[in-house]
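Scope of the values below: all heavy atoms of this structure, side chains included, with no hydrogens, waters or symmetry mates.
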Amino acid sequence: MTSPTSFCSPVVAGLVPYVPGEQPAIANLIKLNTNENPYPPSPKALAAIRSAAEQGLQLYPDPESSALRRSMAGRHGLEPAQVFVGNGSDEVLAHAFFAFFQQPGCPLMLPDISYSFYEVYCGLYGIPMDIVPLADGLALDVYAFARDASAPVAGVVVANPNAPTGRAISLAEVEVLLRLHPQRVVLVDEAYVDFGAESALALVPRYPNLLVVQTLSKSRSLAGLRVGFACGQAPPDRRAEPGEEQLQLLPAGPPGPGRGPGRTGGRSLFRDHPPSRHPHPGRPGAAAGRPGFRGAALADQFPVCAPPWA
Ligand SMILES: Cc1ncc(COP(=O)(O)O)c(C=O)c1O
């Protein structure tokens, strides 16, 4: 009898799947294995989600996530055309790897220890890897990403702060990466940026090769909503097209659960989150000192403190 796996393409048959962290069905468990936020989202975010769910789940969501992109762009001084929204940053990363890093014969540069999904996507898209060793104390040495001008490089991906090490690089160091590889995309995955690094979003208008990826899953406590986004300079010829504001470098993703509320309830989901940026991962975040935020416990490599609504 033919085995169902014999129908798979050689690429799929050879894949080593990403194994997501376990989600045990135990009530009141504070989980640390997948770096979810132990605290609930802002009540304003919940109200926006409820209202969006009541108003239009029978309809397909706005395919351009216009409200959310406008809100994100406004917050970061960008144009909506420079923001791309996907079903969690994992999907955004998948599109970015597919769109930018499949460069024949060129390896993608990645830190030796980083988010394990990068390797999975390299396998999926047949992208060879150039694994860059970490420095002492698991720090990311940006100068180790230097290559001869003639060396083939598909691009650079770093998480800042890195996961699971929690070590961050400065904006100046991000700029070193951008200048070392001006002809290729440097993707900075800022899933944990609010816990311990400075965002590179401010650099987007200055560097056409920068793509910053963020998520609502971590500091904003909305992992269940599956909303991630990327910011980069939109190609000039696409910027002005009416009704087509999406960053067209990346294809739009398939519909998914939560997409409607996530994409229409832009303002509250995005603005009302614990501002817990702190330059020292592993120490109490700045949110700990904000009115209403209580205490600071260390969860995995990042500090966590309770928001006023929890
Ligand atoms: C570094 C990093 N990037 C991206 C993600 C994906 O987050 P999401 O798909 O929930 O946006 C994670 C999740 O743990 C992560 O650790």
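Heavy atoms only, all atoms of each residue included: Q233 and P205 are closest at NE2-O, 3.0 Å. Closest of all the heavy-atom pairs between S89 and T215 is OG-CB, 3.6 Å. In this structure, E198 and V193 approach most closely via the heavy-atom pair C-CG2, 3.9 Å. Of all heavy-atom pairs between P107 and P152, the closest is CD-O, 3.3 Å. Closest non-hydrogen pair, L134 versus P111, comes out as CD2-CB, 3.9 Å. Pairing each heavy atom of G196 with each of A168, the nearest pair is O-CB, 3.3 Å.
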Practice prompt. Evaluate side chain to side chain contact (heavy atoms under 4.5 Å, CB included) for F84 paired with L211, printing each intermediate quantity in order.
Written response: CA-CA 10 Å; F84 173 85; L211 192 69; over 6 Å; no

Practice prompt. Determine, step by step, whether R226 and D90 satisfy the side chain to side chain contact (heavy atoms under 4.5 Å, CB included) criterion, reporting the C-alpha distance in whole Å, the side-chain angles of both residues, the deciding distance to 0.1 Å, and the verdict.
Written response: CA-CA 9 Å; R226 309 307 300 130; D90 277 342; 4.2 Å; yes

Discussion item. Quick one, C122 with L110, criterion side chain to side chain contact (heavy atoms under 4.5 Å, CB included). Give me CA distance, side-chain angles, the key distance, then yes/no.
Written reply: CA-CA 10 Å; C122 284; L110 300 163; 4.3 Å; yes

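In this structure the side chain of R184 never reaches within 4.5 angstrom of the side chain of F101, judged on heavy atoms. Contact annotation: the side chain of L201 never approaches that of R75 to less than 4.5 Å [non-hydrogen atoms, C-beta and beyond]. Looking only at side-chain heavy atoms (C-beta outward), L187 and V213 come within less than 4.5 Å of each other. Between P41 and L225 the shortest side-chain heavy-atom distance does not fall below 4.5 Å. No side-chain heavy atom of Y115 sits under 4.5 Å from any side-chain heavy atom of V157. Residues D194 and K218 form no side-chain contact, since every pair of their non-hydrogen atoms from C-beta on lies 4.5 Å or further apart. No side-chain heavy atom of L203 sits under 4.5 Å from any side-chain heavy atom of V188.
With R147 contributing its side chain and A144 its backbone, the two residues share a donor-acceptor pair below 3.5 Å. Without hydrogens or angle criteria, E190 side chain to V212 main chain gives no donor-acceptor distance under 3.5 Å. Of the possible polar contacts, one joining the N160 side chain to the I169 backbone as a donor-acceptor pair under 3.5 Å is found. Formation of a donor-acceptor pair under 3.5 Å by the H181 side chain with backbone atoms of N209 is not found in this model. At distances below 3.5 Å, at least one donor-acceptor pair connects side-chain atoms of S221 with backbone N or O atoms of Y39. The main-chain N or O of L93 is never found under 3.5 Å from a side-chain atom of Y118 such that the two would form a donor-acceptor pair. Between the N87 side chain and the E91 main chain, no donor and acceptor come within less than 3.5 Å of each other. No donor-acceptor pair closer than 3.5 Å links the side chain of R69 to the backbone N or O of V85. Between the side chain of D189 and the backbone N or O of V158, no donor-acceptor pair lies under 3.5 Å. In this structure, the side chain of N162 engages the main chain of I113 through a donor-acceptor pair within 3.5 Å.
A distance of 12.0 Å separates CG of N37 from CG of L216, quoted to the nearest 0.5 Å. Atom OG1 in T2 sits 5.5 Å away from atom CZ in F7 (nearest 0.5 Å). To the nearest 0.5 Å, atom OG1 of residue T165 and atom CG of residue L140 are 7.5 Å apart. Separating the CZ atom in R70 from the CD atom in E64 is a distance of 10.5 Å, to the nearest 0.5 Å. Once rounded to the nearest 0.5 Å, the distance linking CG of L124 with CZ of F98 reads 9.5 Å.
Taking the six-membered ring where the residue is Trp, F195 and Y192 present tilted rings, their angle falling between 30° and 60°. In this structure, F229 and H76 have parallel ring planes: the angle between them is below the 30° cut-off, well short of the 60° mark.
Cluster annotation: V92 is connected to I127 through the hydrophobic network of ILVMFWY side chains, with a link wherever side-chain heavy atoms come within less than 4.5 Å. L171 and V185 are not part of a single hydrophobic cluster, where members link through side-chain heavy atoms under 4.5 Å apart. One hydrophobic cluster holds both F145 and Y143 under the rule that ILVMFWY side chains link at heavy-atom gaps under 4.5 Å. Connection of L15 to V19 is not established within any shared hydrophobic cluster, with ILVMFWY side chains joined at heavy-atom distances below 4.5 Å, either directly or through further cluster members. In the hydrophobic clustering of this structure, V83 does not group with V186; members are Ile, Leu, Val, Met, Phe, Trp, Tyr whose side-chain heavy atoms approach within less than 4.5 Å, directly or through other members.
Test L178, L177, V176 against V174 for side-chain contact (heavy atoms from CB on, under 4.5 Å) and you get one pass: L178.
Under 4.0 Å is where a charged nitrogen must lie from a carboxylate oxygen, and between R206 and E175 at least one such pair does.
Within a 6.0 Å sphere centred on CD of E36, heavy atoms belonging to other residues, nucleotides or ligands number more than 12.
Under 3.5 Å, the side chains of E173 and S170 contain a donor-acceptor pair of N or O atoms.
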